[in-house]
There are 2 protein chains.
Amino acid sequence: MTASTSDRPALDLATIVSTAVRLADAEGLERLSMRRLAQELGVQAMSLYHHVPNKENLLDRMVDAVYAEVDKPAARGPWREAMARRARSAREVLNRHRWATPLMDSRREPGPSTLGHHEAVLDCLRVGGFSVALAAHAFSLLDAYIFGFVLQEQALPFESPDEARAVATAIGEQMGDAYPRMTEMLTQHVLKGDYDYALEFDYGLELILEGLEQRYNAALDGSPATITATSTTTTGGKR
Amino acid sequence: MTASTSDRPALDLATIVSTAVRLADAEGLERLSMRRLAQELGVQAMSLYHHVPNKENLLDRMVDAVYAEVDKPAARGPWREAMARRARSAREVLNRHRWATPLMDSRREPGPSTLGHHEAVLDCLRVGGFSVALAAHAFSLLDAYIFGFVLQEQALPFESPDEARAVATAIGEQMGDAYPRMTEMLTQHVLKGDYDYALEFDYGLELILEGLEQRYNAALDGSPATITATSTTTTGGKR
DNA sequence: ACCTGAACACCGTTCAAGT
DNA sequence: ACCTGAACACCGTTCAAGT
């Protein structure tokens, strides 16, 4: 498992970060210690501090590496499809790197991939005709939903609709009649198979996108001032 | 600060949990160790293990204590106002217990207050006329938004609109022109004072509630079968 | 410049022992 | 029943020393 000391491939920042990501993927964040990571790299723990100031900074870089995997929306093309695609990509990436989900929204030092991603999202919305204010709303709302949903999803004690039914049966039996509405949901919804977390994600995502589109259209109809203010961007935006 | 050994008030589970919550509120979750908590209680670290099996279980109980502070929606009365009130209450409570936010959605052992809260939410929606399926969607969507938003909010490097403007100025200067859309948002939106995170929360919340209401009404109009199926609950629901 | 060994000040938890 | 002291197997990080 551990790389041998002889053929270790010249420790550098990139390999440290990618090894850390791989280790967290495989064994979870709580098992990622500086000592354990160093061992995986065939090196002493203290060598890491030559490339990284501390563990927090390493976590920042790991989160940025995850952001780099998320599809960036293209500036051209319809914003609604671009936002939907980006949201689904983010969910998929976070489910490949479960340790990252609680960290994504809470890092104070965004890296270049994070900033580049955010910039691309804003650019897509603004080129698509969103006012600055509406773009801010859209950004906040979509990101809150995406990360909140995935956090929720990953806390569930099952990973597939089949497992969900098995767990629901077990819980339903032990819960008795103290929580009739939760029991009802388990028996009439989850157990009937009307339950798929990928569909659940899309339901909320489409509801939000629809709401944003309504407000987008209302701004187009209602206030020509807004249109004029953004139209320079709409026609002038280029890659 | 530390309670003296003489007048320590008979260690029990309730005081352990409430002291842990107070300690985490005051100094953050990373400073809450079993040793530190014991010290605060005027007791040896190992005494805690007589009341709590391990630290994870203590965290479960702390999260449940936070859930107990969130307003439960009443079963009677309009669902939309009840859901809005609960969402704002949750945000407020989480901002009093910042350490809890990343934990709320990710605990695997829900306590009685957590289950009671979820039950009350489902009951309010079902009594209000939601089908089981629509109640499931509403629950998932609202919770994802609430926790995702607060997580995002708490990661921001400022706590007031005034601080936000100060930070935006500093960031704007150091960012240069690498991220024009983000710069634009800082200068034209945040710095103009059009930026208040409480309003931002309400914007997304109302958008989601409006979307749910549209789907609720569509179900009432479109499929009389759904109405019949839920109407027994609507009339039969009692506290 | 890059890596290391020993040490410091911590962790959560087990265990045998005290009252 | 409830609490404790010592110990185990860990942490992140500092520091002085090696090459």
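Per chain, numbering begins at 1; letters A, B, ... match sequence-line order.
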Just the rounded figure in Å: distance from [atom2] of [N] to [atom1] of [X].
X        : N       : atom1 : atom2 : result
Ile16(A) : dC2(C)  : CD1   : P     : 11 Å
Arg36(B) : dC11(C) : CZ    : P     : 9 Å
Gln39(A) : dT4(C)  : CD    : P     : 13 Å
His51(B) : dA1(D)  : NE2   : P     : 13 Å
Arg31(B) : dC10(C) : CZ    : P     : 10 Å
Leu48(A) : dC2(C)  : CG    : P     : 14 Å
Leu41(A) : dC3(C)  : CG    : P     : 11 Å
Asp12(B) : dA1(D)  : CG    : P     : 17 Å

Inset, instruction - Report yes or no: is the cationic atom of Arg91(A) (NZ for Lys, CZ for Arg) closer than 6.0 Å to the six-membered ring centre of Phe149(A), at no more than 45° off its axis? - result: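 Output no; distance or angle outside limits.
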Inset, instruction - Using only heavy-atom distances, determine whether the side chains of Thr19(A) and Glu40(A) contain a donor-acceptor pair under 3.5 Å. - result: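 The answer is no; no qualifying pair exists.
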Inset, instruction - Using the C1' atom on both, measure dC10(C) against dC8(D) and round to a whole Å. - result: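 dC10(C) and dC8(D) have their C1' atoms separated by 15 Å.
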Legend entry - Interatomic distance at P, dA9(D) relative to dA9(C), whole Å: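 Looking at atom P only, dA9(D) and dA9(C) are 22 Å apart.
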Legend entry - Partner nucleotide, any strand, of dG12(C) [Watson-Crick/G-U, under 3.5 Å]: dC8(D)
Legend entry - Rounded distance [0.5 Å steps], NE2 in His97(A) versus CD in Glu69(A):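 Taking NE2 in His97(A) and CD in Glu69(A), the distance rounds to 3.5 Å.
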Inset, instruction - Any chance you could measure Leu134(A), atom CG, to Leu141(A), atom CG, to the nearest 0.5 Å? - result: 10.0 Å
Legend entry - Residue-phosphate contact under 4.0 Å: Ser47(B) side-chain N/O, dT4(D) OP1/OP2: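 Yes.
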Inset, instruction - Please determine if a side-chain N or O atom of His50(B) lies less than 4.0 Å away from the OP1 or OP2 oxygen of dT4(D). - result: no
Ring centre gap for [X] and [Y] strictly below 6.0 Å:
X         : Y         : answer
Phe130(A) : His137(A) : no
Tyr145(A) : Tyr145(B) : no
Tyr179(A) : His118(B) : no

Inset, instruction - Could you work out which one of dC3(C), dG12(C), dG5(C) sits closest to the side chain of Gln44(A)? - result: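 Within the option list, the nearest is dG5(C).
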Inset, instruction - Classify every nucleotide of nucleotides 13-19 of chain D by which part a protein heavy atom approaches to under 4.0 Å, writing B for the base, S for the sugar-phosphate alone and - for neither, in 5'-to-3' order. - result: BB-----
Inset, instruction - State plainly whether the residues Arg107(B) and Asp64(B) are in salt-bridge range, i.e. N to O under 4.0 Å. - result: no
Legend entry - Within residues 100-108 of chain A: residues closer than 4.0 Å to DNA chain C (heavy atoms):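 Within this stretch, nothing sits under 4.0 Å of the strand.
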Legend entry - Non-hydrogen atoms of Ala20(B) and Leu32(B) that approach each other most closely: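 Smallest heavy-atom distance, with atoms named: O-CD1, 3.8 Å.
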